[in-house]
Structures are given as C-alpha cells and as structure tokens.
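One structure is given here, and the rest of the page talks about it.
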Amino acid sequence: MKLRQWRSIRTPKEKLRFSSTPQRNPNPTHSQCLENLSQLCHQKDLSKAVATMVAMEDQHCRADPITYSSLIKLCIENHAVNEGRRVHQHLLDDGRPPKLFLSNSLLSMYVKFNLFDDARRLFDEMPERNVVSWTTMISALVHLDSREEAMKYLIAMHREGIRPNMYTFSAVLRACQTLRTLWSIHCCIIKCGLELDVFVRSSLIDVYSKYGDLEYGYQVFDEMATRDLVVWNSIIGGFAQSGDGYKALELFIDMKRAGFLANQSTLTSGLRACTGTVMLEMGRQVHVHVLKYDRDLILNNALLDMYCKCGSLAEANAVFQRMKERDVISWSTMISGLAQNGRSIEALRLFDSMKATGTKPNYITMVGVLFACSHAGLVEDGWYYFNSMAKVFGIEPGREHYGCIVDLLGRAGKLEEALNFIDTMGFQLDSVIWRTLLGACRVHRNSGLAAHAAKEILKLEPEDEGTYILLSNIYADSRRWSDVEQVRKAMRDQGVRKEPGRSWIDVGKKTHVFIVGDFSHPEMNSISKELNRLIGRITEVGYVPDVKFVLHDLEREQKEESLRYHSEKLAIAFGVMNSMGGKPIRIMKNLRICGDCHEFAKLAAKVENKTIVIRDPVRFHHFQDGICSCGDYW
DNA sequence: GTAGGGTTAG
C-alpha cells in the first residue's frame, strides 16, 4: 500500500497534478524557481511549493538545503504524507545523498507521520548517521513501546562510536522498566556528565517513581538546585500515583510557594492525590482551579473520578453533564463510579447511553458493567454481557471479567458453580479471585469452602492479615472456637499483626482520626456521651450488638464494650455531633467495615435522619433511612 | 533535525 502510494506519486499524471498550478511564467529561470520556492515555503503554500519543486526537476535545478528543510517542516505541519514523500524522492533524484541534517529532517517527518517502517528504511540507507539520527529512532521506538528494540539501538549507537546526548537519555530512560536497567542508564548519564540536565532529571524522577523506587526519584528531585514546572509535576505525579496523596499535596503547595503556576498536569495529579486519600474537601478546592481548563478532557476525567471515589455522585454527575467532550474513559469512570456506589441500574442505563452515542466500550468499561451486574444480583444480564463481549465488542474477557462472574455467582449463593467456574478459567489464579469467593462464602455462611479459599489466598500472600481476620470471623460465626484459635496462632507464627482499625472524618478544615480503643481525641468525653445516646436510640428500634465480630474469646459484656469503640462508631458519633443541615456525614476507613458497625450505621442514619457515607478499602456504603447501598453485602 | 510531566478496573 505504502509502496503503491510512493509509485503513484511518480506517474506522469501525478507530476501533472503537482505542476498544473498556474504560474505566471511557464519557463522560469533557475534563479526565479529558487526565489519562488523559498518564498512559497515562507508563505506556507505547500501545494504551490511542491509544484514548483517538481517543475525544477525538469530543469535539473536544485534549491539550497535550508529551503528543503522548510519544505519538510511545512509537510509535517500539514501532515502532508504524499507531499513529504515527494520531497524525499526529489532529494534522492539528485544522485547524491541528501545532507545529513536533511535526512534527519526526513527521518523525523516519517516518525511524526507514524510511518516507522519508512523511517527505518531511510535510517538503514543513510551513509552517515549522527546522534540526532540515532535519537530520533530511539525516541520513535520508545513511543511505539518497543523498549528492547530501543535499548538495542542505544547499544548499536555506542558501537558506532556515537555518544548519546541529553536528548537520547531522556528518551531512552522511558524504556527502562526495572530498577537494574535504570541504575545502569543512570550510571551512563553520570559518566557522560549529563546528570544536571532538567529534561534528564525529570525523566529520571518519572521512571524511578513509576518502575523503581519513589525514594530514588525524590532524591533526584531533592538534589536539584533549579527546577522547572515539569520537574515539579514529575515528582507530584509520582507521589500521587503511588498513593501518598498527602506528600503529593504537600509538594503541590511547595511548588506554588516556589512561584510556579499549576497547569493541567499538576492539577490532574492534585486530583489524583485527593482521590487516593479520599479528600473530598481538598478535591473541591482543586476543582476551582480546574475551571479555567474546562476543555481539558484528561483533567475533567480525573475530576470525575475524584468525585466518584470520594463518594459524591451528585458532584460527579454534575461534572459529567457539563463536560464538553467525553471519551471512553469518561463514560467508564462514571459507569464504575455508579456501580461502586451501589447504583448499578443507573450504571447499566448509562452504558446504554454510551453505546447510543457511538462510543465503543473497552476492556475497563466491561469490568465496570460486569461489576454493576454482580453487585445488583443481575445474574442473567451479567452472563449476557460476559458471553457477548468478544462477539459484540471484540473484547476478549480477561482475569477481571472472570472475577466479576465469580462474584456474580457467589453473591447469588451459587458457590459450587463459582468454584467450578474458577476451575475452567484459563488464567493462572490470583488472590483476587479467591478473595471474591471468600467474600461470598462469608455472606452465605459456607465455612468449608471459605477455609479452602482462604488457604489458597494465604499460599499466594502468607502475610495477608485481612484474610486471616475474615477466616477467623467466619469460624467465630459458626462458633468453631478451636479453628479461630488456630487461625490466630497461624497469624502469630507468620508474624502478622492485626492493623488497628482507623477511621477519619473531615470537620471544618481538619481531619479527625479515630483509632480503635484510642481515646486521646480532645473531645472524647462528649463523643462518648454522644455514642451512648446513639446506642440508646437505636436499641429502641431493635439494635443488638453483634459480638461475633470480636476476635477475642471474651465474656459477652466485654465483647460489647470492645465493639462499642470500633473506630467507625467513634467517627459516626463525632460526625453526628458536628453535622450541619442535610449534608452527608463522610467517613473513610482503613479496614473493611465490620457487620456490627454496618448495622449500627444503618440504624444511626435512620434515627438521626442523616445520610452517612463510609468508604472502606473496597467499596462505598451509603446509609440512608435504615438501608445501605451495598445491599448488606459488604 | 533529536528529549521530560496528567485520566478509567483489580
């Protein structure tokens, strides 16, 4: 195809087309031609310029390299592939190879047109190559995600005796995805004396934080005397993506103090930081700065995700409705957001709207759709979407989709069927699948299968405390105390400690943290009183403390006492004390909410006529009027 | 003529 295009441009007809542009003088002199061509390039009139160039061929006339360079630039600007090839051909017709810098321009042109094969052909035919030629190729390979190939070129370049420069390194760093290769390239950079270059540094920070160790990235950042905006963005993005939202926001503030203005990239990372750490109020503050970039799709998608992950679907929906442009990520974010917040039917309706607008779903969209089905118990729909994925949308189901089906069957109580389905999977099993099954076993009280699933998880992740605790709770639920004791012993043997439960809530501009059994909050007395008052009120409507969620073999009274001070209860009491008007009380948790606190929150929401939103590490629970959005499947 | 930072699941 490409070859045909190439030839067709050389047919007499094509030549005629290029030369048929009316010209004042049908037989211009050489110097007129040159003058013309240079002027047309200057005026950015591509078609006339190419026509003049073709006319010059007949008169065996050639322009100067600078003019050709502008002509190539013009082709790139207009994305004029055929014209670009014609210029290349014209230069070859001269009989002598083009000047090195012109060949490099052509190389760069092919790369920008995504014609890598043409670029490679030209590169291979070049009699002489310099650092620019090599760097152009390496950079192209990195963008094509051909990392090994990029490294091969770096080595070949060394062999030819060409020294890489800062351009080469900042491109090639992106091809390093292991700490070991990063170190060796970093060494080369130091040897070449290029460590101080800001471009090289920002690449180092970026790749260290993505593929190696954020600590090294921070070190590279910290040592810098002069930093630019991209360097700041690299480090802020590094922390935001690795989940340390606090550090990311701290650096965000440092950056502003250093006199830099946040751009789209900074704000996207800022939002990501709020998303990861569930800081809704901070997210809203970042939103204010986002307003001036209301056409930036990536930034709006990040905003959407922030509101979804912080459990504020009303605000997410407002952003979604106002977006001037939506892509598959916007739709997928909103679909998953609705599903994760217990609004599966709306999620599926949105999926229909998405298809109606002609946006094609991708792999992740289908994870969201299947998640919605499993969480709403829509077994038939789930199977339908799963089975039709490949046929209708051309997406082969992957591990995550299979996981959703296990969840779908598990929630519906079809545990054996779920286990059989796991056996038919062609993937290597990971802990996520088993954890899904374990969750289903807990709800449907199948302790035998639960033990099997838990053991499979612990084979893969022997230090996973959540699994030990879940298993122990399941045994406790069936009053199998000796098994409970065995689990606890296994935990001790593995050196696994139960991480203390922690909940946090924003009141005013402060985040208040509550830790189970920790009474150091300055307002603890009134919180305790409020908690007692709440327990009193919900006991009137039928609350009975569900002590099976206490690990220790204590007397019932002691168990109740231990439950009473679960961190989320303290946070709820504090939230009720400080709640204003109809605003939801929003609480975040480090561990999954226990069944007793779940019941407590449902009733507290009812008697206080409030909405309580609790985000645990897995999902959201919106408590309102005595029911929870998760349908009691936590 | 060659280089760096941002978005969706689990």
Side-chain angles (χ1 to χ4, degrees), chain A residues 65 68-69 72-73 76 98-109 111-112 129-140 142-143 164-174 194 197-207 209-210 228-238 240-241 262-273 275 290 293 296-306 308-309 326-337 339-340 361-371 398-404 407 430-433 435-436 618:
Chain A
Y68 288 125
S69 166
I72 296 168
K73 242 193 235 166
I76 296 174
K99 292 250 185 242
L100 177 58
F101 87 93
L102 280 182
S103 292
N104 282 341
S105 299
L106 289 166
L107 209 53
S108 155
M109 176 188 80
V111 167
K112 288 194 174 127
R129 295 179 287 226
N130 65 1
V131 60
V132 177
S133 337
W134 284 98
T135 303
T136 306
M137 293 305 283
I138 289 173
S139 168
V142 170
H143 281 110
N165 62 13
M166 54 275 237
Y167 289 80
T168 325
F169 280 123
S170 51
V172 90
L173 274 170
R174 295 184 51 196
L194 295 168
D197 182 77
V198 269
F199 278 69
V200 172
R201 287 245 172 186
S202 62
S203 290
L204 272 171
I205 295 169
D206 185 51
V207 285
S209 58
K210 281 202 178 95
D228 69 1
L229 184 60
V230 178
V231 170
W232 279 104
N233 286 345
S234 304
I235 194 68
I236 294 171
Q241 281 159 39
N263 69 0
Q264 294 97 312
S265 172
T266 332
L267 293 172
T268 306
S269 295
L271 287 170
R272 172 92 184 244
T275 308
V290 171
Y293 299 113
D296 191 305
L297 187 55
I298 295 180
L299 187 49
N300 272 296
N301 285 343
L303 187 63
L304 199 59
D305 189 44
M306 185 277 292
C308 286
K309 295 265 166 57
R326 296 176 193 138
D327 66 357
V328 63
I329 296 182
S330 332
W331 288 98
S332 308
T333 305
M334 200 62 213
I335 290 169
S336 300
Q340 282 166 345
N362 66 12
Y363 188 95
I364 296 173
T365 322
M366 295 314 294
V367 175
V369 168
L370 292 175
F371 186 92
R399 201 191 288 279
E400 293 83 359
H401 304 110
Y402 277 85
C404 288
D407 193 44
D430 64 355
S431 60
V432 178
I433 291 276
R435 211 168 268 128
T436 308
V618 185

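Model, not experiment: these values are computed from the prediction. These numbers come from the heavy atoms of this one structure, side chains and all, not from hydrogens, waters or symmetry mates. Proteins get letters first, then strands, A, B, ... in listed order; numbering begins at 1 in each.
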Looking at [X], I'd like to know whether one of its side-chain N or O atoms comes within less than 4.0 Å of OP1 or OP2 on [N].
{"X": "A/Arg272", "N": "B/dG6", "answer": "no"}
{"X": "A/Gln340", "N": "B/dT8", "answer": "no"}
{"X": "A/Ser139", "N": "B/dT2", "answer": "no"}
{"X": "A/Lys112", "N": "B/dT2", "answer": "yes"}
{"X": "A/His143", "N": "B/dG4", "answer": "yes"}
{"X": "A/Lys210", "N": "B/dG6", "answer": "yes"}

Is there, by distance only and without an angle test, a donor paired with an acceptor across the side chain of [X] and the base of [N] below 3.5 Å?
{"X": "A/Ser170", "N": "B/dG4", "answer": "no"}
{"X": "A/Asn263", "N": "B/dG6", "answer": "no"}
{"X": "A/Asp430", "N": "B/dG10", "answer": "no"}

Counting the atoms with a prime plus P, OP1 and OP2 as sugar-phosphate, which does [X] contact under 4.0 Å by heavy atoms, base, sugar-phosphate, or nothing?
{"X": "A/Ser202", "value": "base"}
{"X": "A/Val172", "value": "nothing"}
{"X": "A/Tyr363", "value": "base"}
{"X": "A/Asp296", "value": "base"}
{"X": "A/Leu173", "value": "nothing"}
{"X": "A/Val231", "value": "base"}
{"X": "A/Arg201", "value": "nothing"}
{"X": "A/Leu299", "value": "base"}

Ionic contact status for A/Asp197 with A/Arg201, cut-off 4.0 Å: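 So A/Arg201 does not pair with A/Asp197 through a salt bridge.
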
Does the side chain of A/Asn301 come under 3.5 Å of the side chain of A/Asp327 through a donor N or O and an acceptor N or O?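 Yes, because at least one side-chain N or O of A/Asn301 sits under 3.5 Å from a partner of the opposite role on A/Asp327.
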
Rounded to the Å, how far apart are [X] [atom1] and [N] [atom2]?
{"X": "A/His401", "N": "B/dG10", "atom1": "NE2", "atom2": "P", "result": "11 Å"}
{"X": "A/Leu370", "N": "B/dT8", "atom1": "CG", "atom2": "P", "result": "20 Å"}
{"X": "A/Ile298", "N": "B/dT7", "atom1": "CD1", "atom2": "C1'", "result": "6 Å"}
{"X": "A/Met366", "N": "B/dG10", "atom1": "CE", "atom2": "P", "result": "14 Å"}
{"X": "A/Met137", "N": "B/dT2", "atom1": "CE", "atom2": "P", "result": "14 Å"}
{"X": "A/Arg129", "N": "B/dT2", "atom1": "CZ", "atom2": "P", "result": "18 Å"}
{"X": "A/Asp305", "N": "B/dG6", "atom1": "CG", "atom2": "C1'", "result": "13 Å"}
{"X": "A/Leu303", "N": "B/dG6", "atom1": "CG", "atom2": "C1'", "result": "13 Å"}

State which residues pass side chain to side chain donor-acceptor pair (under 3.5 Å) with A/Ser69; sequence neighbours excluded, sorted by chain then number.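 Side chain to side chain donor-acceptor pair (under 3.5 Å) check on A/Ser69 returns nothing, list empty.
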
Is there a side-chain hydrogen bond (donor to acceptor under 3.5 Å, both in side chains) between A/Asn263 and A/Thr266? Walk through the geometry before answering. CA-CA 5 Å; A/Asn263 69 0; A/Thr266 332; 2.8 Å; yes

Could you list the residues that satisfy salt bridge (Lys or Arg N to Asp or Glu O under 4.0 Å) with A/Arg272, not counting sequence neighbours?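 With neighbours one apart ignored, the set is empty.
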
